[in-house]
Structures are given as structure tokens and as C-alpha cells.
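Written out below as C-alpha cells is the structure these notes cover.
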Amino acid sequence: MPSLPDASNGGNGSSPLLWRILKVVLRPFRGSIDRARRALRAAAYPIEGIYYFLRHPEFYPVFLGRLLPLSIISFLVYLILFSFAFIPQLLFLMIFQGKAGAWFNAIVLVLGEGHVVIQALFEGFFVDEAQVDIFDATLINHGLTDLVAPHRLLFPDAPTSVKMLGKPTTKAEFQPFSLKQIIELIVFLPLNLIPYGGTVAFLMITGSRYGKLSHHRWFQLRGLTKQEMKRERSYWSWEYTWFGTIAMVLQLIPVLSFFFLLTTSAGAALWVANLEQRSRVRVGRPVTANDQAARNQPDEPVYHDGIYHDDPV
């Protein structure tokens with residue numbers, strides 16, 4: 001949580017009384033500042049995932065191996081929707097929203113419809129398997145091999161983290177197939193009919209659901225029960241909303257949705273790696289001063305062996 005410097009000794013000649021007054025004045029805003037900081041940090045991870053993915057050529061075969069069939073599927077779905085569904089919906093929206101708002105909302109509406117169809121079709125092309133590979137490889141790149149090793153075969157002599165990955169020895173899902181998520185996408189699509197804020201509401205509501213599933217693989221690796229997963233998702237719900245919203249915006253971009261699925265997986269893993277490195281001491285490594293300092297930070301939840309301690313905001 002943000003805090004002001006301690007000026008009790010009159011640092012830089014400032015009056016201790018002035019600092020105390022400033023603390024009192026700013027105290028009501030500290031919670032809002034902290035929530036904004038957490039939202040921005042979580043929203044940045046999908047973007048960081050793009051940069052990270054592009055900087056690691058060992059990830060490219062995972063993408064290229066499925067690129068052609070999935071790109072063709074995406075192109076055909078959007079071609080059909082924009083050819084036959086876009087104009088009727090645009091004309092309908094223009095009755096209530098005018099030209100500018102109608103064009104924007106009609107585009108988002110058709111992209112959302114395409115996302116529902118593509119998400120269902122992608123299940124048949126082992127997209128989730130590719131997301132798991134990117135997620136696990138990113139963790140390995142960050143020294144978290146011990147987190148992955150109990151759940152899949154690894155080849156430690158392989159030249160890259162992707163080639164290290166063997167077959168999973170336990171159930172491996174990046175995101176479980178969620179009929180509820182697809183139903184929510186369909187149910188909330190009409191929000192785009194509402195002028196101005198409707199599209200934003202659609203993206204945030206559906207993004208919240210997507211975000212809550214983005215760490216499912218991490219929970220699997222930690223061996224959490226369904227109840228413990230639910231508790232973790234509740235704890236991080238604010239961050240998941242913003243992570244998922246940005247991820248949804250990226251995945252609505254035509255043809256590139258598969259690419260952004262993989263980069264978002266990398267972003268989710270970067271988030272996990274940061275949490276693990278800050279608040280978990282890996283097996284075989286002694287506790288350092290940095291570990292202790294990270295675990296004692298008041299603005300981060302402390303996780304250890306599936307138990308976390310909630311610090312009030």
C-alpha cells in the first residue's frame with residue numbers, strides 16, 4: 001500500500017507536523033490508489049506476454065504448427081458473419097445510437113459472436129494443449145522447474161524450455177472447457193446494443209470470467225482443491241477482471257485470436273512467476289534477505305503451500 005516517507009526526524013527540513021497532516025489528508029485515497037495500481041499491473045500482463053512471446057523463438061513452433069488451420073477457421077467465421085450479420089445489426093443499432101456509435105458497437109457485436117463460434121471450434125485443434133505448453137515453458141524459463149516437474153515428463157538436457165516438455169503425467173488444462181463461459185458470452189452480447197457504456201460492460205463482464213480461469217493451470221500445479229481454487233479466484237477477483245478484459249480485447253481481433261491466446265498464456269505465466277518468486281521459497285534454495293523483504297511487503301498477499309494471509313487494504 002502506498003505510504004509517505006517518515007519525516008519524524010525532520011528530513012530535508014520539513015516539519016513533522018506537515019507530514020502528519022498530509023498522511024491524514026491522503027489516507028482516504030490510499031485504498032483507491034492501491035486498487036488502481038493493482039488493476040494497471042494486472043492489465044499489463046497480457047501486453048507483456050506479447051513482448052515475451054516474440055522475444056522467445058522457441059515458442060514459434062507451437063504457434064506455427066497450428067497457424068494455418070486456425071487462421072483459415074478464423075477468417076471464414078468472420079467473413080461469413082461480416083457478410084451476412086453485420087449490415088442487419090448495424091442498421092438496427094443506427095435506429096437507437098446514430099452512425100458513430102452504431103458502427104463501433106456493431107463491429108464489437110459481430111466480433112463477439114465470432115469469438116463464441118471460434119472458441120468452440122478451437123477445442124478440436126488442441127489449442128488448450130498449446131496454451132499449457134507455453135505456460136509451463138515460461139515457468140521453466142523463470143526457474144520454476146520444480147513446480148512443473150511433478151506433473152509432466154521433462155528432458156533436462158534439451159536446448160530450450162519448449163523441447164524440455166514431455167507428456168503430462170497428470171491432467172493438464174490451461175482453462176477447463178466452460179459451458180458457462182460460452183453461455184455468458186451469448187447472454188451478454190446484447191449489452192452492445194446499449195449506447196456508449198454497453199460495449200465496455202460486455203468486455204469487463206466476460207473478461208472477468210476469462211480472467212478467473214487464467215490461473216487454472218497454476219492451481220493444478222499446486223494441487224489445489226476446487227474449494228481452494230474458488231478461494232484464490234475470489235481473492236484475486238479485482239486483478240482477474242482487468243487481466244481478462246485486456247485479454248478479451250486482444251482475442252476479438254480477427255484472425256489473430258489464436259496468436260493472442262498463446263501470448264496471453266505467456267502473460268499469465270509471467271504473473272505467476274512474479275508471485276512465486278516474491279512469496280514462495282523454492283525447494284533447495286535458502287531464504288534470502290530479498291525473500292524475507294518480499295514476503296513482508298504489506299501490499300502483496302503472502303502465499304505459502306496453498307495458504308495465504310490476507311492483508312487489509
Margin query: Could you measure the distance from the CD1 atom of I87 to the CZ atom of F82? Nearest 0.5 Å is fine.
Written below: 10.0 Å

Check: Given Y52 and H142, is the ring-ring contact (aromatic ring centres under 6.0 Å, His included) satisfied, shown in steps?
Finding: CA-CA 12 Å; Y52 186 83; H142 284 77; 5.7 Å; yes

Check: Can you name the closest pair of heavy atoms from A106 and L90 and give their distance?
Finding: CB-CA, 4.0 Å

Next item on the list: Mind checking the CG-CD spacing from L189 to Q89? Nearest 0.5 Å is all I need.
Entry: 8.5 Å

Check: Sub-3.5 Å donor-acceptor pair from the side chain of D128 to the main-chain atoms of Q175, do we have one?
Finding: yes

Check: Side-chain heavy atoms under 4.5 angstrom apart, residues restricted to Ile, Leu, Val, Met, Phe, Trp, Tyr: same cluster for F84 and L93?
Finding: no

Item checked: Shortest non-hydrogen contact from A172 toward Q220 -> CA-OE1, 3.7 Å

Notebook entry, point to check: Which atoms form the tightest heavy-atom contact between L147 and R222, and what is the distance?
Noted result: CD1-CG, 4.4 Å

Note to self: Just so I know, are the side chains of V132 and F135 near enough to count as touching, which here means a heavy-atom distance under 4.5 Å?
What the structure shows: no

Check: Would E129 and R66 pass as an ion pair if we require N to O under 4.0 Å?
Finding: yes

Margin query: To the closest 0.5 Å, what do you measure between CG (L256) and CD1 (I253)?
Written below: 6.5 Å

Margin query: By the definition side-chain contact (heavy atoms from CB on, under 4.5 Å), identify the one residue from L76, V77, I80 that meets it with V117.
Written below: V77

Note to self: Between L165 and I140, is the side-chain contact (heavy atoms from CB on, under 4.5 Å) condition met? List the steps.
What the structure shows: CA-CA 10 Å; L165 301 175; I140 291 172; 3.7 Å; yes

Item checked: Common cluster, L64/V62, ILVMFWY with side-chain heavy-atom separation under 4.5 Å -> yes

Next item on the list: Evaluate ring-ring contact (aromatic ring centres under 6.0 Å, His included) for W271 paired with H215, printing each intermediate quantity in order.
Entry: CA-CA 9 Å; W271 186 1; H215 280 166; 4.6 Å; yes

Notebook entry, point to check: Is it the case that more than 12 heavy atoms not belonging to F104 sit under 6.0 Å from its CZ atom?
Noted result: no

Check: Closest approach of P254 and L111, non-hydrogen atoms and distance?
Finding: CG-CD2, 3.5 Å

Check: What pairs with S83 under side-chain hydrogen bond (donor to acceptor under 3.5 Å, both in side chains), at least two apart in sequence or on another chain?
Finding: none

Check: At their closest point, which heavy atom of M248 faces which heavy atom of G207, and how far apart are they?
Finding: CG-CA, 3.6 Å

Next item on the list: Check side-chain hydrogen bond (donor to acceptor under 3.5 Å, both in side chains) between R233 and all other residues, then give those that pass, not counting sequence neighbours.
Entry: H216

Notebook entry, point to check: With side chains defined as the heavy atoms from C-beta onward, is the minimum distance between P168 and H151 less than 4.5 Å?
Noted result: no

Checklist line | side-chain contact (heavy atoms from CB on, under 4.5 Å) between N141 and F59, intermediate numbers included | finding: CA-CA 12 Å; N141 285 342; F59 291 167; 3.9 Å; yes

Item checked: side-chain contact (heavy atoms from CB on, under 4.5 Å) evaluation trace for L144 with T138 -> CA-CA 9 Å; L144 295 168; T138 302; over 6 Å; no

Check: Quick check: does any side chain N or O of Y60 sit under 3.5 Å from a backbone N or O of L54, one acting as donor and the other as acceptor?
Finding: yes

Notebook entry, point to check: Take atom CZ in F155; do more than 12 heavy atoms of anything else shown fall under 6.0 Å from it?
Noted result: yes

Check: Rounded to the nearest 0.5 Å, how far apart are CZ of F202 and OG1 of T245?
Finding: 11.0 Å

Margin query: How long is the straight-line distance from CZ of F63 back to CD1 of I134, given to the nearest 0.5 Å?
Written below: 10.5 Å

Next item on the list: Find out if a path of hydrophobic residues (ILVMFWY) with successive side-chain heavy-atom gaps under 4.5 Å connects Y240 to V200.
Entry: no

Note to self: Centre-to-centre under 6.0 Å for F53 and F259, is that the case here?
What the structure shows: yes

Checklist line | Exercise: do S265 and Q131 side chains pair donor with acceptor under 3.5 Å | finding: yes

Item checked: Co-membership, hydrophobic cluster, residues Y45 and I50, 4.5 Å side-chain -> yes

Check: Which value, rounded to the nearest 0.5 Å, describes the distance between E239 atom CD and L40 atom CG?
Finding: 11.0 Å

Next item on the list: For the pair E228 (side chain) and T225 (backbone), establish whether a donor and an acceptor sit closer than 3.5 Å, ignoring hydrogens and angles.
Entry: yes

Note to self: As a quick check of understanding, evaluate side-chain contact (heavy atoms from CB on, under 4.5 Å) for F258 and Q251, giving each step before the final call.
What the structure shows: CA-CA 8 Å; F258 174 55; Q251 289 171 35; over 6 Å; no

Check: T264 side chain to F260 main-chain N or O, any donor-acceptor pair under 3.5 Å?
Finding: yes

Notebook entry, point to check: Is it true that R152 and D133 have a side-chain N and a carboxylate O under 4.0 angstrom from each other?
Noted result: yes

Check: Is the gap between the ring centers of W103 and F86 under 6.0 Å?
Finding: yes

Notebook entry, point to check: Would a hydrophobic clustering, with Ile, Leu, Val, Met, Phe, Trp and Tyr connected at side-chain separations under 4.5 Å, put L252 with L70?
Noted result: yes

Check: Taking C-beta and beyond as the side chain, do F174 and L262 meet within less than 4.5 Å on heavy atoms?
Finding: no

Notebook entry, point to check: Between L221 and L139, is any pair of side-chain heavy atoms under 4.5 Å apart?
Noted result: yes

Next item on the list: Taking atom types as modelled, find out whether W218 and E232 have a side-chain donor-acceptor pair closer than 3.5 angstrom.
Entry: no

Item checked: Shortest non-hydrogen contact from A247 toward P46 -> N-CG, 4.2 Å

